[in-house]
Amino acid sequence: MLPGPVDSEHGDPFARWGGRPPFRGLPAPVRLWLPVLLSFFVQVPATIVILVQHAPVESAPLAVTAVAVAAVGPLALLAARRHPGQVAAVVTAAAVADLLLPPLFGPPYVAFAFAIVLGIVRGARIWVYASVAIGWVAAVTLGSVLGLDWHPIRIALTTAAIALLLAVAERIRDRRARIGEARRKAIEHRQSVEQAERMRIARELHDVLAHSLSQINVQAGVGLHLMDSQPERAREALANIKASSKTALDEVRGVLAFLRADSVDAAALAPQPDLSQIPGLLDSMRAQGLDVNYTVSLARPPSAAVQLALYRIVQESLTNVLRHAQAQKAEVRLTDTDGTIRLTISDDGRGPVDPHRGDAGSGILGMTERAELLGGTLVTGSGSNGGFLVTATLPGAP
């Protein structure tokens, strides 16, 4: 079946946002122009109005400079995406100049707040902190030298406001980092789930096709060999080929049905193999000339997942016996001891070609994965009396 809900340890990375990915933000053009336009229209028109109403005519050059300084900060924000640190330095310098130039009680320098937040969020923290520290010390020092009458409470409140602005920027930066990490984990989780499902489908298809095609190959060889001398047995081989191919098609349809979101009912119509189908599997092996002895001793049936794994392990092991072992006899033993199921498949064939390698092909790898996914183990090697031995242990509790 398809992967179910993830467990609590590796759960939804977006759980803290109600299980949904958080808001990804405004479109890029809006993020670029909104700070520029907002700070420009707050600073420049208000500065012009105040200067026109209160500045004497003889101070016109100074007033033009004040308007230019008010416009520098918003325009500098246009480069904040590529050069956030340098923009923070330029805007801080402009904010200091705005503080020292008339009007002494003008509009807030909104561009300074945007430059600080954008600089910290985009990783230019050293630039921002250095610019703010140097700029504020320079502003207080030059204000004292120029004789500006700044009340200590105003200085303290401005310092607190800058500290609060830096704290807000750090908070936004941390949240963006957490969201980015959550997205990265979500992508990795989705990829791991997809990979696990591909591996599961590959195991199922390998077990079904390898077994059925092996049977078809053997029966086709028998039919060709006996077609002229014993046509009845050749006909029997063809009937076996037909039965094997039908069974294979049914099982492949059952596996592929899980790949379609609208095929749950269709998948249910093709139930997965269980222990009750092992005798039929052994009969098909006997029909191909392998003498198989089956011994089963279970206190109670295990879960459906364990039964499917046991069936597939028996199927793959006996298929390997037919294809590689050159064996005449095989034995399948299924026992239950203290809640643990032990399955052994042995034969009297030639055994592992390389005992150190253990003939660990894709089939044995798939059997091992099946056992380990259910908390069990699978070991292969030489039997005590020669031949090949497969030993699987699985949890027996349903």
Side-chain angles (χ1 to χ4, degrees), residues 33-81 83-173:
W33 286 101
L34 181 61
V36 175
L37 296 177
L38 182 60
S39 57
F40 185 90
F41 285 112
V42 169
Q43 295 173 198
V44 177
T47 300
I48 294 174
V49 170
I50 294 174
L51 289 172
V52 168
Q53 293 179 352
H54 301 286
V57 177
E58 57 271 13
S59 63
L62 195 60
V64 172
T65 302
V67 173
V69 168
V72 165
L75 295 178
L77 293 177
L78 289 170
R81 180 176 298 175
H83 309 287
Q86 293 87 331
V87 168
V90 170
V91 175
T92 300
V96 172
D98 180 80
L99 193 63
L100 299 174
L101 292 171
L104 296 181
F105 292 97
Y109 209 83
V110 179
F112 175 71
F114 282 119
I116 296 305
V117 173
L118 293 175
I120 289 180
V121 167
R122 289 171 178 165
R125 301 171 75 193
I126 296 178
W127 277 90
V128 170
Y129 281 105
S131 300
V132 169
I134 295 173
W136 184 230
V137 171
V140 173
T141 302
L142 292 175
S144 177
V145 171
L146 296 176
L148 299 178
D149 187 17
W150 289 345
H151 196 280
I153 295 180
R154 180 184 179 186
I155 296 176
L157 290 177
T158 304
T159 304
I162 293 175
L164 179 62
L165 180 63
L166 291 171
V168 170
E170 290 288 355
R171 174 69 176 175
I172 295 174
R173 177 181 177 276

Item to complete: Using a cut-off of 6.0 Å, state whether more than 12 heavy atoms not belonging to Arg171 lie near its atom CZ.
Response: no

Worksheet item: Which heavy atom in Val69 sits nearest to a heavy atom in Ala97, and how many Å separate them?
Response: CG1-CB, 4.0 Å

Discussion item. So, applying side chain to side chain contact (heavy atoms under 4.5 Å, CB included) with Val44, which one of Val42, Ile48, Thr47 is it?
Written reply: Ile48

Worksheet item: Between the side chain of Thr92 and the main-chain N/O of Ala88, is any donor-acceptor distance below 3.5 Å?
Response: yes

Fill in: Side-chain heavy-atom pair Leu166, Val128 within 4.5 angstrom cut-off
yes

Worksheet entry | Where Ser39 and Pro74 come nearest, the two heavy atoms and their spacing | OG-CB, 3.3 Å

Worksheet item: How many angstroms lie between CD1 in Ile116 and OH in Tyr129, if you round to the nearest 0.5 Å?
Response: 9.5 Å

Discussion item. Looking at every heavy atom in both Ile120 and Arg173, which two are closest together, and how far apart are they?
Written reply: O-CD, 3.2 Å

Discussion item. Going by salt bridge (Lys or Arg N to Asp or Glu O under 4.0 Å), name the pairs with one or both residues in residues 90-105, residues two or more places apart or in two chains.
Written reply: none

Worksheet, complete the sentence: Note: Ala94 and Val72 closest approach over all heavy atoms is CB-CG1, 4.2 Å

Worksheet item: With a cut-off of 6.0 Å (strictly less than), are more than 12 heavy atoms of other residues, nucleotides or ligands near CG of Leu146?
Response: yes

Practice prompt. Apply side-chain hydrogen bond (donor to acceptor under 3.5 Å, both in side chains) to Thr159 and list each qualifying residue two or more places apart in sequence or on a separate chain.
Written response: Trp136

Discussion item. With a 4.5 Å cut-off on side-chain heavy atoms, are Val87 and Leu118 touching?
Written reply: no

Worksheet item: Is the closest side-chain heavy-atom distance between Leu34 and Phe114 below 4.5 Å?
Response: no

Worksheet entry | Minimum heavy-atom distance Val96-Gly135, with the two atoms named | CG2-O, 3.3 Å

Worksheet item: In Å, rounded to the nearest 0.5 Å, how long is the span from CZ of Arg122 to CH2 of Trp127?
Response: 16.0 Å

Discussion item. Tell me whether the count of non-hydrogen atoms from other residues, nucleotides or ligands lying under 6.0 Å of CH2 in Trp33 goes above 12.
Written reply: no

Discussion item. So Leu99 and Phe112, do their side chains get closer than 4.5 Å, heavy atoms only?
Written reply: no

Fill in: Separation between CG of Leu157 and CG of Leu164, rounded to the nearest 0.5 Å
12.0 Å

Worksheet entry | Test item: Pro107 and Ile50 side chains (from C-beta on) under 4.5 Å apart, heavy atoms | yes

Discussion item. When you compare the side chain of Tyr109 with that of Val91, does any pair of heavy atoms fall below 4.5 Å?
Written reply: yes

